[in-house]
2 protein chains.
Amino acid sequence: MDGSKKHTLSIFKAGIEAVEPRTLIKRMVKYSDNLLTVRDHDYDLSRFKKVIVAGGGKASTLMARGIEEILQNRITDGLVITSYGSSTATQRVRIVEAGHPVPDENGVKGAAEMLEMLEASGEDTLVICVISGGASALLTAPHKTINVKHLQVLTHELLACGASIKEINTVRKHLSRIKGGNLAKAANPATVVTLILSDVVGNPLDVIASGPTVPDPTTYSNAMEVLGKYGLLKKTPISVIEHLEKGASGEIPETPKPGDPLFSKVKNFIIGSNRAALKGAEKKAEELGYNTLLLSSSIEGETRDAAMFHASIVKEIIENNDPVAKPACLLSGGETTVTIHGTGKGGRNQEFVLALAIELDGAENVSILSGGTDGIDGPTDAAGALADGGTCQKALTLGLEPHQYFDNNDSYSFFKALDDLIITGPTNTNVMDLRIILVGSKLTG
Amino acid sequence: MDGSKKHTLSIFKAGIEAVEPRTLIKRMVKYSDNLLTVRDHDYDLSRFKKVIVAGGGKASTLMARGIEEILQNRITDGLVITSYGSSTATQRVRIVEAGHPVPDENGVKGAAEMLEMLEASGEDTLVICVISGGASALLTAPHKTINVKHLQVLTHELLACGASIKEINTVRKHLSRIKGGNLAKAANPATVVTLILSDVVGNPLDVIASGPTVPDPTTYSNAMEVLGKYGLLKKTPISVIEHLEKGASGEIPETPKPGDPLFSKVKNFIIGSNRAALKGAEKKAEELGYNTLLLSSSIEGETRDAAMFHASIVKEIIENNDPVAKPACLLSGGETTVTIHGTGKGGRNQEFVLALAIELDGAENVSILSGGTDGIDGPTDAAGALADGGTCQKALTLGLEPHQYFDNNDSYSFFKALDDLIITGPTNTNVMDLRIILVGSKLTG
């Protein structure tokens, strides 16, 4: 691997290290003399008999470990649900591994167990809730009359119908005993502190993991309206419809609403986000001698379009040293989407890198990396990929036609053949993606 | 109009002033003691008996005037073709106004007259060619056996078939007696100096105005291949097919190719481009006290995607003072496209501003402008539009639903009702679009 690629990779790794869950927890949470301080909020632990840890997500076991290392034997019980292969050893907090992104029976069983633990809370209970990306699928606790298979069918229909994430969550929150503030309700009258590692652009509390400890302004009637709007009423399984109808008629209680007094005992804290990873990457790039430009932590949209926009900025840097002078490190974050046209294998990060490699074919001293901070890009074992201005030429000498792989959404096979995949394995953190583009060498004088 | 909008508008105007064609010509072209200097190339005018001016485009009359003011009575003849309403008074160079973007008979007549003038050139002739945006349509000189109406039919088919601009130009160059180096060929054995105001991203000489004085690497056979690739061979009018077949079989000569000795007497100079306008705008923004960030002069792609990309940067500025600290002026250039889904009236600049106004609804101290430097945005009488974070709210109080206008591609009606259109009339220059976004007030302390 040449020096520029090494730089790119070490900047990526620095970005991921900056959002290591235990590091983030320990920056935000302090404990001494029975006083627990979370950012600027104090909790007197002498008031609490029980201190329990709950939550879920790909980073939740490391978050739980961070809390364990701070509170040690003050923790009385705990349970977090993570995805298969993402667990790490804990002392007091039980770990359940479950299916992601498709919920499975393990998740359902684990969530039921968690709710049981929370419902045993009293005034003298402090619940520390740890939430990270993936928790929406992992914390699956459908209302008891809803068939889990029915829930899977509906989820599939909702994802395919063109509904917005806000609309999808409106339905989800009204089918779950955890989402839409229901976790906080289950824990009531306990005091709840929620620590959130955000994997959503803009860090909206009610969207991340469908807001288990956040008031829900939407109603059962709204959920029915969403199904009607997308013509799904007839396709929706009967156990779901019956539940929503009962809710809409007031037979069963609503999700807890803004202003509900139970939230006076609940606080939500974002402990880390994509920007924290970008700042970590930026710091490393500065140490390596690059002029940095942190473009945005919220790049969304179609991956190829995002790649074209980055290319237009890179070209300006190459030709005119704007918006940042060479040697430059352009950084961006967020999470794009891929509309699949082909039959190949890939992920949004690998496709981004291939699109840029094609657009910047022949450019000198340009190095490109895009990777998922969770170590997983699409349905592949890679976190992302690396490329430079010589990538397409090198591919052609190996008999790989870059456009063909691009048109077939087959970026994984392309970079595998070039040995330019980034394989990290699960990183046990998750703050969306990092894109790093170096322009101009820092290596040859 | 509030102060921020005034700032935005004055920055836009400074950008346009920076690409005033006479100013650009006078910066690049000097004349004294019979020595004409164009950038770093000298021409001894005592060697030339005739000095003629030819060319076309929306800025061509002002470019011709700039040359006239420099060379005065050394100019012996001249003719440039501009669009209706874009002409300005000249002393020695004749002006023909013609149809744009659809070529018309005036253009055909004018181009024939220009070729006649050029073909009378000798070794002792210096041709100063002035080329700017719009020249492709304005300099319409089909080969004599090609019916003009047939050419219009084919142009329409080519624009609709999904062919790239490079493919379209491959066909165009082989139907024209001006494009693809043919103007230089007509002027041979004259010395040719071409001054180009670029309206194309990346300033590629062979693409701007289809390169009338630039070698053409493409062939008649390539042109036939393009028609075949897009299934147009049967739809192509007979006079066009016959001409291309004659060319492919060698019956009529090819366009002049790279290495053709005639080009040893030809020099092409870019006198101005989108970046020059951006730099002019940036200077003004700095004078007004903003921290500037010149993002790129080559933003292309779908307008709404470009708007989302800009929005993600603006949000980062608002929240985190990255990639530039408030009070900030974010500048970009290039030219986007609009895929029309609705039945309204608008242009890429107005649609960009509406998309951003929706995305940044409620943001404080944000002012947005996008405008065409030629003063014309799409099929409207506006150059572009202005908005701020209060635009959507103001629209709603007037009974205008922003999303409805956006979905109907009706940005013109929206901004007309709000009195936020920018009306400049034709500016007689053309270097694509300018986008200016101010974040953070410079007006209240």
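The chains referred to below are lettered A, B, ... by the order of the sequence lines, with proteins before strands, and numbering in each begins at 1. Quick note: numbers below take in every heavy atom, side chains included, and nothing from hydrogens, waters or symmetry partners.
- To the nearest 0.5 Å, atom CG of residue Asn203(A) and atom CD of residue Glu319(B) are 8.0 Å apart.
- The number of heavy atoms from other shown groups lying within 6.0 Å of NZ (Lys283(B)) does not exceed 12.
- Remark: Glu286(B) CD is packed, more than 12 non-hydrogen atoms of other residues, nucleotides or ligands lying under 6.0 Å away.
- For the 3.5 Å distance criterion, the side chains of Glu316(B) and Ser297(A) qualify, holding a donor opposite an acceptor.
- Taking CD1 of Ile317(B) as the reference point, atom CG of Leu295(A) lies at 9.0 Å (rounded to 0.5 Å).
- Within the model, atoms NZ of Lys279(A) and CG of Asn320(B) stand 8.0 Å from one another, a figure rounded to the nearest 0.5 Å.
- In this structure, the ring of His310(A) has its center less than 6.0 angstrom from the ring center of Phe309(B).
- Annotation for His403(B): atom NE2 does not count as buried by contact number, only 12 or fewer foreign heavy atoms lying within 6.0 Å.
- The 12-atom threshold is exceeded at CD of Glu401(B), counting heavy atoms of other residues, nucleotides or ligands nearer than 6.0 Å.
- Contact annotation: the side chain of Leu293(A) never approaches that of Asp322(B) to less than 4.5 Å [non-hydrogen atoms, C-beta and beyond].
- Ser296(B) places a side-chain N or O within 3.5 Å of a backbone atom of Ser312(A) that can act as its donor or acceptor partner.
- Proximity to chain A is absent for every atom of Ala311(B), based on heavy atoms less than 4.5 angstrom apart.
- Side-chain contact between Ile299(A) and Met308(B): absent, with no pair of heavy atoms (C-beta onward) separated by less than 4.5 Å.
- No more than 12 heavy-atom neighbours from other residues, nucleotides or ligands sit within 6.0 angstrom of NZ on Lys267(B).
- The shortest side-chain heavy-atom distance between Pro323(A) and Leu294(B) does not fall under the 4.5 Å cut-off.
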